[in-house]
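Below is one structure, written out as structure tokens; the observations come after it.
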Amino acid sequence: MSDQYEIAGRSFTSRLIVGTGKYRDFEQTREAVEESGAEMVTVAVRRVNITDRDKENLLDTLDPARYTILPNTAGCYTAEDAVRTAKLAREAGVGNLVKLEVIGDEKTLMPDVPATLDAAAELVRDGFDVLPYVTDDPVACLRLQDMGCAAVMPLAAPIGSGLGIRNPYNIRIILEQSTVPVIVDAGVGTASDAARVMELGCAAVLMNTAIAGAEDPIRMARAMRLAIQAGRDAYCAGRIGMKLYATASSPITGLID
Amino acid sequence: MSDQYEIAGRSFTSRLIVGTGKYRDFEQTREAVEESGAEMVTVAVRRVNITDRDKENLLDTLDPARYTILPNTAGCYTAEDAVRTAKLAREAGVGNLVKLEVIGDEKTLMPDVPATLDAAAELVRDGFDVLPYVTDDPVACLRLQDMGCAAVMPLAAPIGSGLGIRNPYNIRIILEQSTVPVIVDAGVGTASDAARVMELGCAAVLMNTAIAGAEDPIRMARAMRLAIQAGRDAYCAGRIGMKLYATASSPITGLID
Amino acid sequence: MSDQYEIAGRSFTSRLIVGTGKYRDFEQTREAVEESGAEMVTVAVRRVNITDRDKENLLDTLDPARYTILPNTAGCYTAEDAVRTAKLAREAGVGNLVKLEVIGDEKTLMPDVPATLDAAAELVRDGFDVLPYVTDDPVACLRLQDMGCAAVMPLAAPIGSGLGIRNPYNIRIILEQSTVPVIVDAGVGTASDAARVMELGCAAVLMNTAIAGAEDPIRMARAMRLAIQAGRDAYCAGRIGMKLYATASSPITGLID
Amino acid sequence: MSDQYEIAGRSFTSRLIVGTGKYRDFEQTREAVEESGAEMVTVAVRRVNITDRDKENLLDTLDPARYTILPNTAGCYTAEDAVRTAKLAREAGVGNLVKLEVIGDEKTLMPDVPATLDAAAELVRDGFDVLPYVTDDPVACLRLQDMGCAAVMPLAAPIGSGLGIRNPYNIRIILEQSTVPVIVDAGVGTASDAARVMELGCAAVLMNTAIAGAEDPIRMARAMRLAIQAGRDAYCAGRIGMKLYATASSPITGLID
Amino acid sequence: MKVTINGEETELSNGITVTALVESLGLTSKRVAVEINRDVLSRERWNETTVQDSDQIEIVQFVGGG
Amino acid sequence: MKVTINGEETELSNGITVTALVESLGLTSKRVAVEINRDVLSRERWNETTVQDSDQIEIVQFVGGG
Amino acid sequence: MKVTINGEETELSNGITVTALVESLGLTSKRVAVEINRDVLSRERWNETTVQDSDQIEIVQFVGGG
Amino acid sequence: MKVTINGEETELSNGITVTALVESLGLTSKRVAVEINRDVLSRERWNETTVQDSDQIEIVQFVGGG
């Protein structure tokens, strides 16, 4: 069953987008990404270490010809820094997609909504396809969509918290109002969390810590791939309703006396 | 990664056990079971329709050589009827496995715990491999295990309710005390419910309505197969812990000034 | 607003029933019971310490003329011991009410459903007004009601766990089917738990550890008294419905241009 | 036990703040406010009806000498309108407190975070004691506190939704970081919701629809008064911890053989 | 003689064996089980067992169930 | 002259003060606030302030709200 | 003679009544109940009942419990 | 002349182009981006751009991130 979704004119079959941080080494990163089935991966932009330049480059491990590279602006606390970082990423030659992230508080790493809106507006004007990471704030998502972002990426819970989807009600409101793909980004902790996001009707899930931080990242990558297919299938298959109780699943005729 | 579990000396790779009730026809039953990847299927025991005997037999559709057949005692309201039904099923020649089900109330179809314990004791004495469907009652599960049942099958929620796992705390207590496989039977509504059951550490999940009652049973069968693999993988992979907040997944060194 | 409920012909205004265990001393017990506003208190039956008989008797502290005394059969693991304990309690001259408790497992202190049903039947025959503590098992509650128990007392969660009402769905089923008062016994942890029980429509709540185990038992006793009144009032007042969103509480006319 | 809290130098004993909208008439408003025990009430600012001026004024019903009047800027969709409305309210002579509310979407009535921050900054500069209604966004609450707001008022759920506290995790983060009172505003549906907010450690709760929209607003007003006292008491009393199971509340010595 | 099969009164010729009865119903090849007067009758005993007047006979098979 | 009061066009005599206007509307004793052309007018300045032709005037009070 | 009271072996003089036993233990005024050999003994029968050799006696009261 | 590259003061020969600088750092083949004094410098302009004294230069690449 072909069941693709589109971001900024690109089609994707896998609804799992994975981060590449926190892995033991590039080899483990490669294996986990492979096992996850992801077609899009996020990467960060950081200074080259001038004094020790020899270490392998991430994109030697993850071939941009195979994976859609989604640079992020992680670590930026102002709209200006986020915009500069996005422009550098584009200049490095992986296209004009960007995961916009403007952090408001270094303790919780929660997004700064006004700064995110400002940066998004400037990046959209500058021709970027902007995927903004933001709180599960329906109004903020509405603004981001109206200004031309390619998707909205509300969080399920704080980055790395593993709490799963804390407020499905907000996500449902966001889904109801959205004309662009809704991608849940951050907070997923385990497979059922990811399946649940898909069952709400989201287009995709973006995660990093849940896989990289597991005791066995490769197996968790597989778990997430399967969970997201499962959740998507369940959403499309039309689940049964909920009742306080009960209907027999065996026939009630033909019972012995 | 081979990861099997055993019931009464039989090994199973698939951790999804499916019922065969409520399907449109035998063909849909066959397709759904096929797509689910199940190796064990439940069936009911009912009177042959003497006046109209021609209709195809379920086991022509589901070859006992391929599937482990698990006859149930659905529809029985007394220990005696459940025992008679189990004996008839065994006599019909599909082995000595039985899903014991003694219903206590026709409105909610909740199990009758004392009658279930009585019937289980008699069936165990009579050489059956008993898989009892019961409430999520840790003491009842302890008794069933102590008397020699091959597994315990607490419910997630009432049969056909689709409410998912209502009381994970009881399931956790049951898992903690059990030396036989814990199979959650009844109440699962969608894929994430099934994944969550496996993440708790259960051996398997038994379901019927969630698949047969979906708008697209075949796709939901696939969703459940994937969800149970996902949940099992996540359980084995060792998920990240939960925190109120937050750890960066991108490096915090090398940021531009 | 007079809003009483009846158990075995006795009328009560307070819907909080408190245990008397785990307090620092009789004085703290007295104060906590006083502050709780309870009209019925549970007590346990234990051997007199023959070698040291001088210590004060609990009922010198809690005057049976003022409080309805509800002896329990705590610590009994068989129907027979529970019946013996109930008979001793009655002989001690505080009437024929009994909180029946037959424990099935000393680790979790969860009830033994079959033994509870057996003991209840015998005590009812013997003229007791039986208030059975039982799992949140709708069928068991139906049986207890049908055999003539004065109320049913399903647990919210295991004794002393403080987990609150783990499975409101079962409680709702029990309420739907019950013709006797439904009293939630055990598992409540804090005030909102107690309020929630009452909002479901239960007649009363029985608790001990939540009060006696708090850092400030006297203040928690007050919290519980208020919470139960609050929950009962909210139930009777008819709460607003739930919507995904939203209706303005200020008028939408007369706004300035 | 005296247990007051302060907002902008004013001390309050009641931790329930009530709105005055949606009541049948002023008399019902008066009774409900009376029963709620509230010391502070919110009011809206609207045009005088020039053509029909005779109808009674709300403040003839709610004497500002007795109640602290908290004018809101409900219905404003821009920072400018909110500021104008706040200034008009102050000019009408009830002091310089204002409940700042800038709505971002008329369908969900969710707050517009950037506009709320802008309006708050201007009102603080202009000498108002600002109580901003905002999403449960920890970063937004941090900004509002840092710019000098007298309190922060994150929502429990959308206005009038009655969903209760959707995301206690965010509220906990906000509590952890706040140096000003945290007042949960909007979304509470019933008594246990209000108790739960207080048990988290919030300073107060603001509600309107939950009371005015109940079938019996007067009784629900009482329920809320009691629930908030109960929740506060429980918070101060130090609740018991949560365990998967179980500790006996009756002594385990002195049992009969 | 009269017997009850699956709740319905039926006329059978005297001395008929269970094997013959099952055959006459065209169920020989099917996976069915037989109970007479609430006792299960194992397949091996079908041949030697003759149906008695007013026997209560149940003949069951497997159907879809959960 | 014509002014707009709370969104409705109204005819007023020239040179009328805000005090007089409020009085003519019977609102003197009431807790109301006045805004002219989007600027709040403090009560102290009602007396010295005369309404100008085509002024946009808002007169507000408190009503029930949440 | 030897009896067991609340699990402890005790020496009692022959022919002692339950009333006397309870009194000797200073429990007469207390709300206690007595069981002999697993049968509850109602207060009315304390007087007429004499303790027998090797009786198993339980004397209980109320204590704090939940 | 002195410039700052990725936060570290470095001595460079006058008139060096960005192309030459990147080459001297062995980064020509790598996917890197260059910013001078907070303005991104597109690859096409590396050749024509000579580093000026006390320029603030940032040279970045992609690393693992979420």
Side-chain angles (χ1 to χ4, degrees), chain C residues 1 19 21-22 44 46-47 49 72 74-75 81 84-85 107-109 158-163 189-192 195-196 199 208-210 212-216 219-220 222-224 226-227 229-231 233-234 236-252 254-256, chain D residues 1 19 21-22 44 46-47 49 72 74-75 81 84-85 107-109 158-163 189-192 195-196 199 208-210 212-216 219-220 222-223 226-227 229-231 233-234 236-256:
Chain C
M1 319 169 205
K22 295 183 158 181
R46 292 292 181 269
R47 285 169 163 174
N49 182 336
N72 69 28
D81 281 348
R84 279 174 63 205
T85 303
K107 196 177 66 180
T108 64
L109 299 179
I159 295 174
S161 67
L163 290 173
T190 186
S192 56
R196 194 152 166 248
E199 287 165 352
N208 187 343
T209 308
E215 286 171 32
D216 179 347
R219 189 160 189 181
M220 188 58 89
R222 184 174 85 156
M224 292 301 184
L226 296 170
Q229 290 172 6
D233 279 335
C236 297
R239 62 157 292 160
I240 58 172
M242 294 189 178
K243 313 196 205 69
L244 186 53
Y245 49 83
T247 58
S249 45
S250 299
I252 53 179
L255 290 162
I256 56 176
Chain D
M1 321 168 203
K22 296 181 158 184
R46 292 295 181 267
R47 285 168 164 174
N49 182 337
N72 69 29
D81 281 348
R84 279 174 63 204
T85 302
K107 196 177 65 178
T108 63
L109 299 179
I159 295 175
S161 67
L163 290 174
T190 186
S192 56
R196 198 154 162 245
E199 287 165 351
N208 187 344
T209 307
E215 286 172 31
D216 180 345
R219 188 160 189 182
M220 188 58 89
R222 185 175 83 158
L226 295 170
Q229 291 172 4
D233 279 334
C236 296
R239 62 157 292 159
I240 58 172
M242 294 188 180
K243 315 196 204 66
L244 187 53
Y245 48 83
T247 58
S249 45
S250 298
I252 52 180
T253 60
L255 289 163
I256 57 177

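The shown structure was predicted, so the numbers you read here are calculated from the model rather than taken from an experiment. We name chains A, B, ... by the order of the sequence lines, and we start the count at 1 in each one. As a basis for the values below, the full set of heavy atoms in this structure was taken, side chains included, without hydrogen atoms, waters or symmetry mates.
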Report task. Specify which of D:C236, D:A227, D:A212 makes the most heavy-atom pairs with chain C at under 4.5 Å. Result ->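 Most pairs with chain C among the choices: D:C236.
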
Requested in this report: Calculate, to the nearest 0.5 Å, the distance between atoms CG and CD belonging to D:D233 and D:E199 respectively.
Outcome: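 Answer for the CG-CD pair, D:D233 versus D:E199, is 10.5 Å.
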
Just so I understand: if I count every heavy-atom pair under 4.5 Å between each of [options] and chain D, which residue has the most?
options                       : result
C:S192, C:G231, C:A195, C:G21 : C:S192
C:N208, C:L163, C:L255        : C:L255
C:A230, C:A74, C:G19          : C:A230
C:A44, C:G160, C:A223, C:G241 : C:A223
C:M242, C:R196, C:R47         : C:R47
C:L226, C:D81, C:T209, C:L244 : C:L226

Shortest non-hydrogen contact between [X] and [Y], atoms and distance:
X      : Y      : answer
D:M220 : D:A214 : CB-CB, 3.7 Å
D:G162 : C:R239 : O-NH2, 2.7 Å
D:S161 : C:Y245 : CB-CA, 4.3 Å
C:N72  : C:T85  : O-CG2, 4.0 Å

Requested in this report: Could you tell me which portion of D:Q229 (side chain, backbone, both or neither) has an atom closer than 4.5 angstrom to a non-hydrogen atom of chain C?
Outcome: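 Contact with chain C: backbone and side chain both.
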
